[in-house]
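To start, the structure under review is shown below, and the notes come after it.
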Amino acid sequence: MSTIPSTEARLGYGASSLLPNIDTFKFFGAFTLVLLGTVPMLLYPDSSKTLIFSLFQFITQELGWLYIMAGIGAFLWCLWLAFGPYGNKVLGSTPEYSDYSWVAMLVCAGVGSGIMYGSMLDWAHLSNLGINGTEVGSAQAKEWASAYAMFHWGPIAWAMYATLAIPIAYSFHVKKTPVLNISQCCHFVLGDRVNGPVGKVIDILFMIGLIGGAATSLSLGAPVIAAGISVLTGIPNGLQLEVLVLFLVTAVFGMSAFFGIKRGLRAMSDINVVLSVALLAFVLLTGPTVFTMEMGVSTLGRVLSNFVAMATNMDPIENCGLISNWTVFYWAWWASFAPFMSIFIAKISRGRTVKATILVTLVAASSGCAAFYIIFGNFGLHLQLAGQLDVASLVTQFKGGEVIVRMAEFLPLTPLFIGTFSLVCGIFLATTYDAVSYALSATTTAHLTPDQEPARWNRLFWAFVLSLLPLGIMVVNGPLEVLQTATIISGLPIMGVVTLGIVSFVKEVKATGWAQSR
């Protein structure tokens, strides 16, 4: 069977001479849906907030189990890929990037500024729930809160990111299919229909899920950066400053998208890893070092010893809000990003083995996230335990950025820390959205070889489109549930697309005998 797409596949369904090498069906279809989701929030914020809360309650209460099962399935699938018959297969020719740049891009694209926000404050939110029947505010409640905060950014999260990485890499680097999109993963099941309307709808669903998940990250990150700028410059913090930061960050990752992966994303990722390590080292050495390490080891042990129970916990009796408000939200967030991260992991993993690609994603990236939660999270927890700052109460009264700024006041060189923290958040956002805009532009490109990148104007267009939905969310100005709902809704259809891609890949490699091929 030939791996070269038909003329229709290469030119794109609905392509036109006005937009050469652009799949106009997907391009305008996804853009129209973004406008339909954003404009009502801008025009009718109060009604939109009411509708969002209704959707949030319905999905988390009735469909939460589906997200939990998706997380378990993704983790088991990745273990099978790494240690099964295809683990030693090489994805294409020689590696394109050094080991350092490869891991740095993977981590930076995957965590974004969410890791900066979450590692500082997640434990405080969760400690107010009384997890596993513990008394709110007790030592046991804080211990479980720290464990679940780390767990939500652990191997299951990264397994969901990597679900389609190998199928896409197989199609792109092994079969040399000159198209980098999700629908091609379903080719063995759907046949030539992936080159028609069915495939286009699959790709549009992926794009909308990705834009919805990205909106959550940008809506969390921009206020944190705005709070830092407000402290350093004296500019009043509020919606206007947050919107300004939103567009400044958009401009930065727009420039990065313009320069492409090698000159833009790789350079920013390399820099941000250094800055992140410096921040972590600063807090570890100037903060409560002994407590941080002791609590970190205890939390890591709690997660490892309770991993299966935490992964399958649905909390049907107590229903304290942990699963419906947090685990389901996080799993939906990862699901909405999963096809994008799979595309990105596949793109940068040429020349790597299946096992190396999966294990670096699950182990190295999870370890990096754990370092943030151990150091930043335990710094905040120590402030709470020492009676210096009631972080658990503050997170219920103020935005996250304002709480983080108050926590930073207990560190030496506070202005320098806040400035660097805000800069790292900005770069994390830029690297994430650079990668997102790449995935969106690659999906709307009709023909793309492994050595090509999407057109610059196409990458820039999606870089700025990504700011529209966060703008609507900021105008609605609702609590965390508004962000969570955008993510949960976006992640729902993606799970079906991912499942179809996995089934298609398994059928194809078994039929072609990839495990036995040299």
Side-chain angles (χ1 to χ4, degrees), residues 111 113-154 156-157 220 224 279-280 283-284 287-307 310 313 315 320-331 333 366-411 421 425 479-480 483-484:
V111 300
S113 64
I115 191 69
M116 306 292 284
Y117 178 98
S119 61
M120 281 281 197
L121 301 179
D122 274 3
W123 69 267
H125 286 288
L126 296 176
S127 66
N128 291 322
L129 299 180
I131 299 171
N132 290 341
T134 57
E135 182 181 352
V136 174
S138 66
Q140 293 79 11
K142 293 181 176 64
E143 289 171 350
W144 276 113
S146 296
Y148 268 99
M150 183 185 293
F151 170 76
H152 287 152
W153 287 77
I156 289 182
L220 284 174
V224 173
L279 270 181
L280 291 171
V283 175
L284 176 63
T289 306
V290 174
F291 172 81
T292 296
M293 297 308 299
E294 290 180 347
M295 186 65 191
V297 172
S298 298
T299 301
L300 186 60
R302 184 178 290 265
V303 172
L304 293 175
S305 61
N306 293 278
F307 183 81
M310 296 169 78
N313 181 20
D315 195 22
C320 69
L322 168 68
I323 306 304
S324 59
N325 291 349
W326 288 91
T327 305
V328 169
F329 158 63
Y330 267 122
W331 278 198
W333 199 1
S366 294
S367 299
C369 291
F372 278 91
Y373 274 85
I374 288 172
I375 296 175
F376 284 167
N378 288 327
F379 166 68
L381 180 56
H382 186 268
L383 293 178
Q384 181 82 32
L385 295 174
Q388 295 175 286
L389 190 68
D390 190 357
V391 183
S393 294
L394 290 176
V395 294
T396 65
Q397 304 171 42
F398 302 97
K399 290 185 176 181
E402 297 176 37
V403 181
I404 292 173
V405 166
R406 294 195 186 190
M407 295 168 65
E409 294 174 358
F410 293 89
L411 289 168
F421 189 93
C425 281
L480 191 59
L483 301 179
Q484 292 173 325

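Keep in mind it's a predicted model, so treat the numbers as computed, not measured.
Note: Thr327 OG1 to Asp315 CG = 9.0 Å, rounded to the nearest 0.5 Å. Note that the CG atom of Leu284 and the CD1 atom of Ile375 stand 4.5 Å from one another [nearest 0.5 Å]. Rounded to the nearest 0.5 Å, atoms CG (Leu126) and OG (Ser146) are 8.5 Å apart. The line from CD1 of Ile374 to CE of Met295 is 10.5 Å long, rounded to the nearest 0.5 Å. One finds the CD1 atom of Ile115 at 11.5 Å from the CE atom of Met120 (value rounded to the nearest 0.5 Å).
With contacts defined as side-chain heavy-atom distances shorter than 4.5 Å, the pair Phe421/Val283 does not qualify. Contact of the Met116 side chain with the Ile404 side chain is not registered, since no non-hydrogen atoms from C-beta on lie closer than 4.5 Å. Proximity of Glu402 to Leu394: side-chain heavy atoms (C-beta onward) are nowhere separated by under 4.5 Å. Contact annotation: the side chain of Trp153 approaches that of Asp122 to within less than 4.5 Å [non-hydrogen atoms, C-beta and beyond].
Within the structure, side chain to side chain donor-acceptor pair (under 3.5 Å) pairs that include any residue of residues 375-386 comprise Gln384-Asp390 (at least two apart or interchain). The stretch residues 288-302 participates, sequence neighbours left out, in these side chain to side chain donor-acceptor pair (under 3.5 Å) pairs: Glu143-Arg302.
Listed by chain and number, the residues in a side-chain contact (heavy atoms from CB on, under 4.5 Å) with Ala157 are Trp334 (sequence neighbours excluded). Under the side-chain contact (heavy atoms from CB on, under 4.5 Å) criterion, Asn132 pairs with Trp144, Asn313, sequence neighbours left out. Remark: Ser119 engages no residue in a side-chain hydrogen bond (donor to acceptor under 3.5 Å, both in side chains) (not counting sequence neighbours). Shown here are the side-chain contact (heavy atoms from CB on, under 4.5 Å) partners of Val405, two or more places apart in sequence or in another chain: Ala227, Val231, Ile418.
Annotation for Ile131 and Cys320: closest pair CA-SG, 4.3 Å, computed over non-hydrogen atoms. When every heavy atom of Val395 is checked against every heavy atom of Ala124, the shortest pair comes out as CG1-CB, 3.9 Å. The shortest non-hydrogen separation linking Ala371 to Leu280 is O-CD2, 4.1 Å. Of all heavy-atom pairs between Ser127 and Ala145, the closest is N-CB, 3.4 Å. Val136 and Gly130 make their closest contact through CG2-N, 3.8 Å (heavy atoms, listed as atom of the first residue, atom of the second, distance). Closest of all the heavy-atom pairs between Ser366 and Gly154 is OG-C, 3.2 Å.
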Trace of the side chain to side chain contact (heavy atoms under 4.5 Å, CB included) decision for Phe379 with Leu411: CA-CA 10 Å; Phe379 166 68; Leu411 289 168; 3.6 Å; yes

CA sep, side-chain torsions, deciding dist, call: Arg406, Leu389, side chain to side chain contact (heavy atoms under 4.5 Å, CB included): CA-CA 8 Å; Arg406 294 195 186 190; Leu389 190 68; 4.3 Å; yes

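Tyr148 and Trp326 form no side-chain donor-acceptor contact under 3.5 Å, judged by distance and modelled atom types alone.
Phe372 and Trp123 have their aromatic ring centers separated by at least 6.0 angstrom.
Ring geometry for His152 versus Trp331: interplanar angle over 60°, hence perpendicular rather than tilted (30 to 60°). Ring planes of Tyr117 and His125: parallel class, angle under 30° (limits at 30 and 60°).
No more than 12 heavy atoms of other residues, nucleotides or ligands sit less than 6.0 Å from atom CD of Glu135.
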